[in-house]
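Proteins come first, then strands; the chains are lettered A, B, ... in the order of their sequence lines, and each starts at number 1.
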Protein chains: 2
Amino acid sequence: MTETLPPPSFRPLYEQIKILITQSLVAGEWKPGEAIPSEVELAARFRVSQGTVRKAIDELASEHILVRRQGKGTYVASHSEPSYQYRFLRVMPDSGEKLHPHSVLVDVRKGRASAEIARALAIKAASPVHVILRVLEFRGRPLILDEMVLAASRFPGLTVPKLEEYKGSMYSFYEAVYGLRMIRAEERIRAVAADAGAAAHLRVVPGTPLLCVDRIAFTYGDMPVEWRRGLCVTDGFSYFNELA
Amino acid sequence: MTETLPPPSFRPLYEQIKILITQSLVAGEWKPGEAIPSEVELAARFRVSQGTVRKAIDELASEHILVRRQGKGTYVASHSEPSYQYRFLRVMPDSGEKLHPHSVLVDVRKGRASAEIARALAIKAASPVHVILRVLEFRGRPLILDEMVLAASRFPGLTVPKLEEYKGSMYSFYEAVYGLRMIRAEERIRAVAADAGAAAHLRVVPGTPLLCVDRIAFTYGDMPVEWRRGLCVTDGFSYFNELA
DNA sequence: GAGTGGTCTAGACCACCCC
DNA sequence: GGGTGGTCTAGACCACTCT
C-alpha cells in the first residue's frame, strides 16, 4: 500500500517544514503530550512566514501527529491521553455503548521471527522477538485474543512486570517506556473458525466464526514496529469502519 | 456515529461557502465529472477572497466530494471515473493483485422495509423497497454475495434491464440514473458461518466462516440511501483497512 | 500565452484560554 | 490583557495544462 514515489521535481517549503518538525519529534525534542513552540516562534526559527508553518502543522494535525488546541497551543499527540487511548480499536458493542476493555496478560515469551513477520517488521528472518499474548475483556467477558510480536532489539528489557503496569493500552506502553509513538496501522481482516486454544481463551465452542485481524503498526517515517494478530468474537460486537 | 452538535456560536465564512457549493451540487448545477467554476469566479460570485474559496474547496476535496487537477480546474468527483470505480470496496486479494470484480445479478425484487432497515434508511417501517441480490466474482470465482436494499421512492422505475447495463459499479448506476452520488459509508463487520443459500452462491461448504459486512451508504448531507449486507469469502482475500 | 490550481508572504482582526 | 490558534484578505509568483 505504501509506495515509493519518483523524486518530486518540486519541493514546497511547507513540506520541508513538515520534515523538520517530524525530525524534532523523532529526536524527542518535544515529547508526547507536550506543547511544541507557537507558530510565530517556529516561523522565526525556520525563517518562513507564519502561514507556511500553519500549513505544515495543519497537515501534521490531520495525520493525528500533532493536536491543535485553540487558545492554548499545539501539542504532540499521545496514546496516553484518554481520547487517544483506544484510537486503533475498531471493535465496538452493537449496543452503541462505549467500549472500555480490560487487558489480561496470558503469556510473554521470547521467540524468533518467522519469514512473514520478519518481512512485516522489516527485520531479518529468525531475528529475536518478543511475543505477547493477552485477552481483552469487556464487562468480564473475553472478547479478543491478541498476539503481538515485537523486534527484541527495539524493546530491550521488556518484562512482564513492566507490561503489567500499562495493562490499559499497549501503545501508551511503547510510547512511555520505549519512546515509540505509533502513528498509523494497516489491518487485514479475515473470517476464521476458532481452534481449540482460541476457543478456550474466548470461552466459545471450537469452530465458532471469529474475525482474524492482522495488523502492522508504524511509527514516524513509516517504520514498522508491531505485528499483531487479533482473534475476535463478534457476538454482540462488530468491527466498525467508516469509508470516506 | 454521526452526532448533531449544539448550534455553533461562530460560523466561519469558508464553512458557509462550503454549504453554498454543496447546495449547488445537490441542485445539480454541476454534475459528477464536470468542472466547477474556477476559484476566482467563485470568489467573485460569493464576494469573498480567493483564499476563502480555496479553503472551502480544500475541505470538500479532502472529503472526496471535489477533485482538484492542477492547471485544469476543480471537478465534481464521480464513481464513473476509473479511480473512483471501486472506492468503497475494501476486499482485496492477499497476492496484492488489483481487484477487478465482475458483477452477476441474482435477483431483483420488491419488498417492504424491516424495522432495522427502515431505521438505517430513515424511512417508515414497511415502506416499499427494492431488494437486489448479486454476486461479485473475481477471475470467475464467486467472492461476495451482496444484498442491497433501496427505498422505492428514491429509485422509481428500477428494473433489471437498467441494472444490467451498469454491472460494474452500483454507485455509478445510482449516480448516472438517479443523480445520487454516494459520498461516504459506514460498515460493521462480523464473522458468520455460511448458511446453505450463501454456501451455494459462493461455492463453499455450509458452515465456512465468512465476513458479514453491513453497510449504510450516504449521499450529500448525510442522507442514507442504501443498506447493504455482503457475505464474503476470505480464502486468499482479506478486508483491508488503514488506521490513521 | 492564457488560464488554472499551488505556494508564500504580510498584515489585520477574531475567538478562545488563562492569569 | 497577553498569548495562542483561527479566519480573512490582497497580492506576488510558481507549476501545470492546453491551445
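- Contact annotation: Thr74(B) side-chain N/O to dG5(C) OP1/OP2 distance is under 4.0 Å.
- Of all heavy-atom pairs spanning Arg190(A) and Leu211(B), the tightest one is C-CD2, 3.8 Å.
- Protein atom CZ of Arg11(B) is 13 Å distant from nucleotide atom P of dC16(C), rounded to whole Å.
- Formation of a donor-acceptor pair under 3.5 Å by the Thr74(B) side chain with backbone atoms of Arg68(B) is not found in this model.
- Using a 4.5 Å heavy-atom cutoff, the side chains of Glu226(B) and Tyr171(B) are in contact.
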Listed pairs, N/O of protein and of nucleotides 15-19 of chain D, under 3.5 Å:
| from | atom 1 | to | atom 2 | distance (Å) |
| --- | --- | --- | --- | --- |
| dA15(D) | N3 | Gln70(B) | OE1 | 3.2 |
| dC16(D) | O4' | Gln70(B) | OE1 | 3.2 |
| dC18(D) | OP1 | Lys72(B) | NZ | 3.3 |

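- Within the 4.0 Å cut-off from OP1 or OP2 of dG6(C), at least one side-chain nitrogen or oxygen of Arg68(B) is found.
- The existence of a salt bridge linking Asp214(B) and Arg188(B) is excluded, since no basic side-chain nitrogen approaches an acidic carboxylate oxygen closer than 4.0 Å.
- Of the candidate nucleotides dT4(D), dT7(D), dT4(C), dT4(C) has the atom nearest to the side chain of Val40(B).
- For the pair Glu39(B) CD and dA2(C) C1', the interatomic distance rounds to 16 Å; values are reported in whole Å.
- Of the candidate nucleotides dT9(D), dC8(C), dG5(D), dC8(C) has the atom nearest to the side chain of Thr52(A).
- The phosphate of dT7(C) has OP1 or OP2 within less than 4.0 Å of a side-chain N or O from Tyr14(A).
- In this structure, Arg69(A) forms a cation-pi arrangement with Tyr75(A), its terminal cationic atom sitting closer than 6.0 Å to the ring centre and no more than 45° off the ring axis.
- In this structure, NZ of Lys55(A) is placed 14 Å from P of dT7(D), rounded to the nearest angstrom.
- Closest-nucleotide positions on DNA chain C for Arg47(A) and Pro37(B) were compared, and the one nearer the 5' end corresponds to Pro37(B).
- Summarising the geometry, the separation between CD on Gln50(B) and P on dT9(C) is reported as 17 Å, rounded to the nearest angstrom.
- A salt bridge links Arg45(A) with Glu29(A): the closest approach of a Lys/Arg side-chain nitrogen to an acidic carboxylate oxygen falls below 4.0 angstrom.
- Arg54(A) has a side-chain polar atom (N or O) that falls below the 4.0 Å cut-off from OP1 or OP2 of dG6(D).
- Distance CZ/Phe218(B) to CG/Leu180(B): 13.5 Å, rounded to 0.5 Å.
- Computed from coordinates, the Arg69(A) CZ to dC17(C) P distance equals 12 Å when rounded to whole Å.
- As rounded to whole Å, 17 Å separates atom P of dG3(D) from atom CG of Leu42(A).
- Here the P atom of nucleotide dG6(C) and the CD atom of Glu15(A) are 13 Å apart, to the nearest Å.
- Per the geometry, CZ belonging to Phe46(B) stands 14 Å off P belonging to dC8(D), to the nearest Å.
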